[in-house]
Amino acid sequence: MVSSEAAPLAKTGGLADVVGALPSALRGFGDDVAVVIPRYGSIDLKSLRRVFDSLPIYLGLTRYDTSIYQAAEEFPLYLVDCPPLFDRKGFYGETGVDYPDNHIRFAVFARAALGVARYLFRTEIFHCHDWQAGLVPAYLRTAAATDPTYLGVRTLFTIHNLGYQGLFPKTALADVALPASVYRPDGMEFFGHVSYVKGGISFADWLSTVSPTYAREIQTPEFGFGLDGALRSRAGVLTGILNGVDYREWSPETDTLLPARYSAEDLSGKRVCKEQLLREFGLPAEALDRPLLGVVSRFTRQKGTDILAHAAGGIVDRDVYLVALGSGEPEYEEFFRRAAAEYPGRIAVKIGFDNALAHRIEAGADVFLMPSQYEPCGLNQIYSLKYGTVPVVRATGGLDDTIEESTGFKFIEYSPEALLGALTAATQAYQDRQGWQEMMRRGMRQDFSWKASAAAYSALYRQLLGV
Ligand code: ADP
């Protein structure tokens with residue numbers, strides 16, 4: 001697997017969770033998986049073992065010296081070390097601005113991944129994730145096409161979020177030593193730019209995305225970000241496989257990050273979690289018997305932050321409380337800060353990335369809000385089910401695939417009114433304590449573990465190899 005993130009070492013979102021958990025789950029199906037990620041500045045070299053000293057990578061005449069490290073994980077996790085490119089504060093940029101040499105960074109990364117397959121890990125399939133790995137299929141179809149090392153090797157490209165495409169000026173092609181012949185609409189050309197995600201979409205043997213509904217949605221103009229045509233032309237090799245979640249990390253019975261543990265049989269610990277969460281966010285004790293809404297999210301437009309902000313007044317009118325954790329675009333962080341200032345004691349916000357607090361919100365809230373504009377899969381709503389925190393979601397992508405009428409509340413139109421409509425239904429249902437607890441328990445008993453997803457990926461690998 002070639003990916004720019006893998007939990008726990010490098011994580012900004014769901015991609016890292018997937019790549020961190022899927023390899024171990026695949027072992028149960030007899031598949032040996034190694035993962036390659038960059039060695040970012042935040043990953044301490046002291047915790048790693050150097051396994052390959054000198055892997056020079058030439059992009060044209062420019063030489064990049066890389067070496068490969070390995071982390072002590074359940075599966076071989078290789079890290080590409082190239083300090084001038086990756087020993088930086090951010091993964092993709094800083095203070096909201098992308099690094100100007102991202103096209104070089106993820107070209108060197110892709111070439112280093114090919115090197116790992118040549119020297120360290122015999123590879124039958126490159127499973128490439130998102131645009132940062134998009135050049136692996138592109139190099140395999142061009143410069144490496146006649147290299148005997150990769151004869152018969154297959155590629156699978158998984159789209160975790162089509163909103164991130166890796167677009168660069170046309171001159172990037174020469175910088176990364178790709179031939180001009182790939183600059184065509186059924187190659188990597190995209191409205192006058194070079195698109196790394198199209199390296200995957202056009203050149204991989206098979207494509208997948210992270211839920212069946214998102215696989216259909218991205219073939220439409222509304223969700224396709226201009227790539228719907230390219231995806232429709234490959235519809236025959238595009239599959240949707242729902243992500244699993246790692247219940248070793250996310251189960252209220254065993255979660256050591258919570259003030260109290262609980263289960264579907266004994267929910268009493270959840271009240272303790274709620275009490276402490278209210279205190280932590282400075283919300284009043286009266287809130288204990290009213291619905292507490294939780295949000296953990298990247299604050300971007302994708303996550304529905306704008307309709308949520310516009311619904312703030314309506315939320316407060318319904319006599320409910322809201323705690324939110326997130327970080328992202330300054331404009332949306334500001335939305336939340338303002339809502340908290342306007343409705344003190346009702347809406348409370350922490351800006352930042354804090355895994356332990358994310359767990360405490362999942363456990364302490366009654367309702368989890370995910371009003372996403374689009375959502376390839378989404379993990380938090382699945383965690384919420386397990387924590388007995390009833391999801392209120394927009395019916396899109398993986399949210400639509402994982403939440404049912406019996407386990408949560410869905411709305412269709414992307415508007416504050418529709419969101420408030422679903423919230424009204426949820427707060428009314430909350431009045432019926434017994435009915436509500438039954439709904440919680442139905443969610444808690446559902447199983448979205450990696451087993452089903454790993455089985456689907458494993459079957460796809462076998463199909464690709466013709467075995
Ligand atoms: P995405 O990958 O689009 O960000 P997902 O729902 O698939 O959305 O995955 C988000 C993951 O990141 C979850 O594990 C969630 O708990 C975590 N997360 C998101 N924002 C924060 C935050 N501010 N603090 C802690 N964890 C966060």
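This is a predicted model, so every value here is computed, not measured. For the single chain, residues carry numbers from 1 onward in sequence order. Start at 1 and go down the list; that is how both ligands and their atoms are numbered.
Aromatic pair Phe225/Tyr374: centroids less than 6.0 angstrom apart. Aromatic rings from Phe299 and Phe336 are positioned such that their centres are separated by under 6.0 Å.
Pro169 meets the side chain to side chain contact (heavy atoms under 4.5 Å, CB included) test with Thr171; sequence neighbours excluded.
Applying the side chain to side chain donor-acceptor pair (under 3.5 Å) test to every pair with at least one member in residues 285-298, sequence neighbours left out, gives these pairs: Tyr164-Arg298, Arg271-Asp289, Arg290-Asp319, Arg298-Gln302. The stretch residues 376-396 participates, sequence neighbours left out, in these ring-ring contact (aromatic ring centres under 6.0 Å, His included) pairs: Trp250-Tyr383.
In this structure, Lys410 does not pair ionically with Glu375, as no charged nitrogen and carboxylate oxygen lie closer than 4.0 Å.
Each of Lys11, Gly13, Gly14, Asp17, Val296, Ser297, Arg298, Lys303, Leu325, Gly326, Gly352, Phe353, Asp354, Asn355, Ala358, Gly378, Leu379, Asn380, Tyr383 has a non-hydrogen atom positioned under 4.0 Å from some atom of ligand 1.
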